Amino acid sequence: MRMSPSRLFELITNVSGVLGDLEQTGIRVEIGDDFAKYRTLRSKLPSRGPIYPMFDVASSYIDQDNGFWVCGFNPVGELIHTQAVRLLDLDGVSLGEHLDMHRHKYITPDTTPDPDHTFYSGPEALQTITGKVCYQGEFWLHAKGLGGPRSQGATLMLSRVLLKIMVCAWNPSFVFAFVPQKLAAKGAHLRYGYNHCEPGSWLHGDQQLTEEDHLIWMGAKDLANLLVRTPQRSHHVTNASIAQFAKPSIDGRSCLKA
């Protein structure tokens with residue numbers, strides 16, 4: 001989709017302001033669509049485990065036409081943030097049908113005895129999400145106590161960067177992600193800007209619960225309402241607070257799966 005000059009200017013103005021705020025928290029953002037490079041960057045975080053197949057060029061076809069990634073680096077150049085998005089063509093196909101067909105690309109490795117007979121169930125939105133759909137995942141942000149990036153409100157700002165570019169590039173009808181049940185119960189989806197959160201579970205063929213993941217999602221109107229609001233500005237960060245997470249010990253925690 002070709003972007004008009006006025007829309008391009010709007011995108012640059014909006015995103016540059018958020019990127020400036022992120023720099024105040026000590027995060028330098030890099031955005032790219034070379035997923036071979038992303039795989040290399042991601043390999044520097046061994047404690048997180050492998051990339052999910054949806055964003056791994058070794059398992060899926062993903063390039064500039066259907067995906068991009070956002071990475072964040074601290075003042076000494078260490079990777080402290082990742083996230084990615086992928087465009088899905090679900091024209092005439094519901095999200096539920098898509099997940100049934102491509103379950104292997106969404107199931108967390110080693111969580112089920114038999115991926116071939118494991119399926120995702122629960123959310124009503126599985127039947128209504130269709131058309132041009134985006135999948136946001138791989139979201140991880142290092143936490144380093146008070147003064148760290150999370151306490152400076154970086155989570156919403158980083159998610160906003162990806163969502164704004166996503167809307168301008170593809171104008172999807174829906175965007176969705178998965179959040180582990182424990183984090184969803186704490187309202188994690190709200191920190192990413194999502195206003196719909198439905199309980200769901202990965203079940204083995206005999207109805208054995210293998211993993212609880214909530215489905216979080218937004219429609220086009222939800223996205224428009226989110227992005228039209230003035231971005232939340234971070235509080236001023238001192239050099240001392242930045243130094244608190246300048247050399248992190250990677251904790252590997254992630255809120256948005258895959």
Side-chain angles (χ1 to χ4, degrees), residues 10-33 37-38 40-48 55 68-85 136-169 175 177 179-180 183-184 186-195 216 218 223 225-257:
E10 175 192 356
L11 171 63
I12 293 172
T13 302
N14 189 293
V15 173
S16 62
V18 180
L19 295 181
D21 286 342
L22 286 166
E23 287 184 2
Q24 290 184 33
T25 70
I27 301 177
R28 175 182 63 82
V29 171
E30 180 177 339
I31 300 169
D33 52 33
K37 178 179 180 180
Y38 178 72
T40 299
L41 289 169
R42 190 60 170 72
S43 68
K44 297 178 181 179
L45 305 172
S47 62
R48 287 185 58 195
F55 300 108
F68 67 89
W69 47 262
V70 177
C71 286
F73 301 85
N74 68 8
V76 296
E78 293 172 316
L79 182 64
I80 61 171
H81 168 67
T82 66
Q83 63 174 316
V85 64
Q136 183 183 11
E138 281 283 309
F139 198 108
W140 168 81
L141 177 61
H142 180 267
K144 187 73 173 180
L146 294 176
R150 292 188 189 178
S151 63
Q152 292 298 324
T155 298
L156 181 57
M157 288 190 287
L158 287 163
S159 185
R160 187 184 183 93
V161 168
L162 181 142
L163 294 173
K164 184 66 177 180
I165 297 173
M166 177 195 77
V167 168
C168 288
V175 59
V179 173
L183 295 175
K186 297 178 181 179
H189 60 289
L190 299 175
R191 294 197 291 274
Y192 298 97
Y194 286 79
N195 55 346
I216 63 175
M218 285 186 283
L223 281 163
N225 290 335
L226 171 68
L227 297 176
V228 77
R229 295 198 294 267
T230 302
Q232 178 183 350
R233 299 300 183 188
S234 64
H235 300 297
H236 178 69
V237 183
T238 64
N239 289 335
S241 65
I242 290 176
Q244 289 182 5
F245 63 95
K247 285 186 174 296
S249 57
I250 302 301
D251 61 11
R253 284 180 288 178
S254 176
C255 287
L256 293 191
K257 286 188 50 186

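Since the model is a prediction, treat every value here as computed from it, not as a measurement.
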Are [X] and [Y] close enough that some pair of their side-chain heavy atoms sits under 4.5 Å apart?
X	Y	value
Leu183	His189	no
His142	Leu79	no
Val85	Ile165	no
Phe55	Trp69	no
His81	Val70	yes
Leu227	Val167	yes

Checklist entry - Are side-chain N/O atoms of Gln136 and Tyr192 paired as donor and acceptor at under 3.5 Å? => result no
Next on the checklist: Would you say Thr82 and Arg48 are linked by a side-chain donor-acceptor pair, where the criterion is simply a distance under 3.5 Å?
Outcome noted: yes
Minimal non-hydrogen separation, [X] against [Y], with atom names:
X	Y	answer
Gly26	Pro75	O-CD, 3.3 Å
Val179	Ala188	CG1-CB, 4.2 Å
Phe68	Met166	CZ-N, 3.8 Å
Glu30	Phe73	OE1-CE1, 3.6 Å
Cys71	Leu41	SG-CD1, 4.0 Å
Leu162	Ala84	CD1-C, 3.8 Å

Next on the checklist: For Leu19, give me all partners under side chain to side chain contact (heavy atoms under 4.5 Å, CB included), at least two apart in sequence or on another chain.
Outcome noted: Val15, Leu22, Val29, Val161
Next on the checklist: For Lys44, is there an ion pair with Glu78 - N to carboxylate O distance below 4.0 angstrom?
Outcome noted: no
Checklist entry - Arg160 side chain to Leu226 main-chain N or O, any donor-acceptor pair under 3.5 Å? => result yes
Checklist outcome for this item: With sequence neighbours left out, the residues meeting side chain to side chain donor-acceptor pair (under 3.5 Å) with Lys186 are none
Item to check | Listed partners of Asn225 passing side chain to side chain donor-acceptor pair (under 3.5 Å), at least two apart | outcome: none
Item to check | Step-by-step side-chain contact (heavy atoms from CB on, under 4.5 Å) determination, Tyr38 to Asp33 | outcome: CA-CA 8 Å; Tyr38 178 72; Asp33 52 33; over 6 Å; no
Checklist outcome for this item: CG (Leu163) and CG (Leu158) are apart, to the nearest 0.5 Å, by 11.0 Å
Next on the checklist: Can you tell me how far apart CG (Leu141) and CD1 (Ile80) are? Round to the nearest 0.5 Å.
Outcome noted: 6.5 Å
